[in-house]
Protein chains: 2
Amino acid sequence: MNIRSFLSRLPLFNGLPEEDLKALAGIVLDRSHAAGESIFTEGDRAAGLNIVFSGRVKIFKLASNGKEQILHIMGPGEPFAEVPVFQGGHYPASAEAIEASRVLFIPRDGLTDMIRRNPALALDMLAVLSRRLREFASTIENLSLRGVPERLSAYLLHLSDLAGGSAEFELDIKKGLIANLLGTTGESLSRVLGKMSQAGMIRVGGKKITILDRAALADVAAARQALD
Amino acid sequence: MNIRSFLSRLPLFNGLPEEDLKALAGIVLDRSHAAGESIFTEGDRAAGLNIVFSGRVKIFKLASNGKEQILHIMGPGEPFAEVPVFQGGHYPASAEAIEASRVLFIPRDGLTDMIRRNPALALDMLAVLSRRLREFASTIENLSLRGVPERLSAYLLHLSDLAGGSAEFELDIKKGLIANLLGTTGESLSRVLGKMSQAGMIRVGGKKITILDRAALADVAAARQALD
DNA sequence: GGAATTCCTTGATCTGGGTCAAAAAAACGG
DNA sequence: CCGTTTTTTTGACCCAGATCAAGGAATTCC
C-alpha cells in the first residue's frame, strides 16, 4: 500500500480533492520506530500531525514516580497529536511505539492551509477532536466515579463488541498495558480477572478471553452488582 | 451589554465579518436559568452550542450512587457543549447553573454554515477544542497519578495566578464544588486545607486564602514534598 | 434579625486498591 | 531448544482517602 492511497482511504481525508491529496502525499514524512522507541515526549515542541501507518502507538502521561497512565492506544489509520497543531504548539503527552511501527507526519502549515481551503476537512477534524473529548470525558468518569471491576468489565465488553460481538476474543495488548490504560496496576488487574473467572463470568487462558455470562459482566460494568 | 456586541467581543468570533456577526445575533437564543437549575442532562439530544452570557455553569458527570465529578466550571464568555455540535449529537455530560445565569444558544446548523464560510472561525474552533483536550488530559493525569494534596496545591496556585499572582485571593466557588472539581470529597478537602494551614503554607479564613509559603506549596504540587 | 437551611469541619472507622516480594508462566534470543 | 529475560500471578501488608456521624458556622429567606 502506498502512502497516497492510504491517505485517500482515511475517513479524515475523504472528500479531499485530488490535487490536495497529491499535495498532502508530497509533504508527508514517513518515519519508522522500533518497539519501545519513543516518538515524542510531553512538552516537546510539536511541528505537525501524526498518523499511524502500521503498528501500534501508546499515548501516555508519566508521573514523577514512574507510574504511567495511558490515554490512548492508536492503531493503523488513526491520527494522533492533533492538539499541538491547533493550540499551544507543544505535546500534552508522550508517545511510544509499542510494536514496530511506521508513522506518517504531516507538517503543521501544510495541514492548516488545507483546512483553510476545505471546509469539509475542517468539520471532519472538528469531529475527530470531539470524539476524543468524548473519550476523555468517559475516562475521567471511569477514574473518578468507578472502581477497577467496573472499568475492566466495560473494557472486556468493548473488546467483545470490536470482535463483532463474539464471546471469544484475544486481548489486543499485554495485560500490563491494559492495567495502565484502565488506571490501575498489573497486580490489581490480575486479581480482578481472577475473581471474574471464579464467579463464572469469564474464562481466561493467556490472552484468550471467553465471556461466559455477558449479563453478569454488564451488571458489574454498570455497578449494579459487586464482585465478591 | 447587548448580545451582538457581546458576541463580537468573544475571542472565538473575532474576525468574523459584520454580516455573519449580525446573522449570528439573529439566530441566537437567550435563556435564563435560576441557581441550581439544570440546563441539560447527559445523553439529551443536543441541538447547538451554548455560551455563558452571565453567571456560572458547571459541567459534570454523575455516578449512579450520586457522586459527581465536575469537568468544568464555565463563566461569562465561555462556550460549552461544543462536542455534540460536531460529533454524536447528544451531550456527553450534564450542565447546571450554579448561580443565576443567562446562557446563549446557537443552533447547530447556523454555526456549521458559518464555519464552512469562515476558515478562520474553523481554526479558532479547533483551537478551543484543543485547549479543552489539554485540560482533560491534565485532569486525567491529576486523577490517576496525583494525590489530593498535589491537586489542591496546584489549584490554589492557579487561583493565585488568576488573581494576578497575589498571595491573597478568594475561593471563587463553594468548597464542596471545589472538592468535586478536584475529584475528592468535601471532608478530604477540609482536612487537607487544615494540614496546609498547620504546616504554615497558607492561611484560611472562610473563602479567603492567603498563601504564606508559595515555594512549599509548589513543592507539594510537584510531589517533591509530602504534607505530614 | 431570627429561624431554617445549607455548608463546613472534625472525629472515628473502613476499605479498595496500591506496594513489595517472590514464585510461576510465557516469550524471546542466540 | 535451552537458558535468559519479561510478564503474570499470588500472597502479605499498608495507606490514602472514602464513608458515616455529629457539631459548629455560615447563608438565606421571610
Side-chain angles (χ1 to χ4, degrees), chain A residues 34-36 58 63-69 98-100 142-153 170-198 202-209 220 223 225-228, chain B residues 34-36 58 63-70 96 98-100 142-153 170-198 202-209 220 223 225-228:
Chain A
K58 72 174 177 193
S64 44
N65 63 17
K67 206 196 154 189
E68 84 177 20
Q69 170 68 43
I98 61 177
E99 49 191 74
N142 280 333
L143 290 173
S144 174
L145 305 175
R146 306 191 221 207
V148 173
E150 279 104 305
R151 296 178 225 164
L152 179 56
S153 350
E170 299 262 317
L171 294 177
D172 48 346
I173 48 176
K174 313 185 205 189
K175 290 178 181 170
L177 283 184
I178 295 179
N180 289 334
L181 185 61
L182 298 181
T184 183
T185 59
E187 292 94 322
S188 290
L189 186 82
S190 185
R191 281 183 240 277
V192 175
L193 278 176
K195 281 191 186 170
M196 288 177 171
S197 302
Q198 211 175 326
I202 61 174
R203 186 183 309 120
V204 183
K207 287 205 163 332
K208 184 157 84 187
I209 303 285
V220 173
Q225 190 190 297
L227 252 190
D228 38 355
Chain B
K58 73 174 175 192
S64 44
N65 63 18
K67 207 194 155 191
E68 83 176 22
Q69 170 67 45
I70 297 179
E96 184 182 307
I98 60 176
E99 48 190 73
N142 280 332
L143 290 172
S144 173
L145 305 175
R146 322 232 253 221
V148 173
E150 280 103 304
R151 296 178 224 162
L152 178 56
S153 351
E170 299 263 317
L171 294 177
D172 48 348
I173 47 176
K174 292 180 228 202
K175 290 178 182 169
L177 284 184
I178 295 179
N180 289 326
L181 184 62
L182 298 181
T184 184
T185 59
E187 292 94 322
S188 289
L189 185 80
S190 185
R191 281 183 240 277
V192 175
L193 279 175
K195 280 190 187 170
M196 287 176 172
S197 301
Q198 212 176 325
I202 60 175
R203 185 182 310 121
V204 183
K207 287 204 163 331
K208 183 156 86 185
I209 303 285
V220 173
Q225 189 191 300
L227 251 189
D228 37 356

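In what follows, chains carry the letters A, B, and so on, assigned in the order in which the sequence lines appear, proteins first and then strands, with residues in each chain numbered from 1.
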[X] has an atom [atom1]; how far is it from atom [atom2] of [N], in whole Å?
X	N	atom1	atom2	answer
Leu189(B)	dC7(C)	CG	C1'	12 Å
Leu152(B)	dC8(C)	CG	P	14 Å
Asn142(A)	dG17(C)	CG	P	12 Å
Asn65(A)	dC20(C)	CG	C1'	15 Å
Ile98(A)	dT7(D)	CD1	P	12 Å
Lys67(B)	dG16(C)	NZ	C1'	13 Å
Leu193(A)	dT7(D)	CG	P	17 Å
Glu187(B)	dT9(C)	CD	P	11 Å

Under 4.0 angstrom between [X] side-chain N/O and [N] OP1 or OP2:
X	N	answer
Lys174(B)	dC7(C)	yes
Ser188(A)	dG18(C)	yes
Thr185(B)	dG17(D)	no
Lys175(B)	dA26(D)	no

Let me confirm one number: the [atom1]-[atom2] distance from [X] to [Y], rounded to the nearest 0.5 Å.
X	Y	atom1	atom2	answer
Asn142(B)	Leu181(B)	CG	CG	10.0 Å
Ile178(B)	Ser190(B)	CD1	OG	11.5 Å
Leu177(B)	Ile70(B)	CG	CD1	4.5 Å

For Lys67(B) against Leu145(A), the heavy-atom pair lying closest together
O-CD2, 3.9 Å

Which of these nucleotides, dG17(C), dT9(C), dG18(C), is closest to any side-chain atom of Pro149(A)?
dG17(C)

May I ask you to test the Leu193(A)-Lys175(A) pair for a side-chain heavy-atom distance under 4.5 Å?
yes

Judged by each residue's nearest nucleotide on DNA chain D, which is more toward the 5′ side, Arg191(A) or Lys207(A)?
Lys207(A)

